[in-house]
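Treat the numbers as computed from the prediction; the structure is a model and nothing was measured.
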Amino acid sequence: MDLNRRDPDEEFDTWLRASCESQGVPVAVTDPEALKRLAVLLKRAG
């Protein structure tokens, strides 16, 4: 077992937080209108 290898989820989380911080945007979307728009896009894509 490779003990130096990071969990892919942890690696993604680290990247996501750093990316959001560098762009000045929150990690989580809480705006109801934005969530509605996202739901429409996901529905169309599926």
Side-chain angles (χ1 to χ4, degrees):
M1 178 177 5
D2 185 3
L3 298 176
N4 293 322
R5 188 174 178 126
R6 289 177 32 173
D7 177 16
D9 291 337
E10 179 185 339
E11 189 172 337
F12 175 78
D13 187 58
T14 300
W15 170 83
L16 177 64
R17 290 182 185 284
S19 179
C20 288
E21 183 178 315
S22 71
Q23 296 178 59
V25 297
V27 175
V29 178
T30 58
D31 176 37
E33 187 60 34
L35 292 170
K36 286 179 190 175
R37 291 178 181 179
L38 178 60
V40 168
L41 289 173
L42 291 174
K43 196 173 194 178
R44 288 181 184 169

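Rounding to the nearest 0.5 angstrom, the gap separating the CG atom in Leu35 from the CD atom in Glu33 is 9.5 Å.
Not counting sequence neighbours, the partners of Leu38 by the side-chain contact (heavy atoms from CB on, under 4.5 Å) test are Leu42.
Put simply, Val25 and Leu16 are part of two different groups of oily side chains (I, L, V, M, F, W, Y) that touch within less than 4.5 Å, one to the next.
Across every non-hydrogen atom of Cys20 and Pro26, the tightest pair is SG-O, 3.8 Å.
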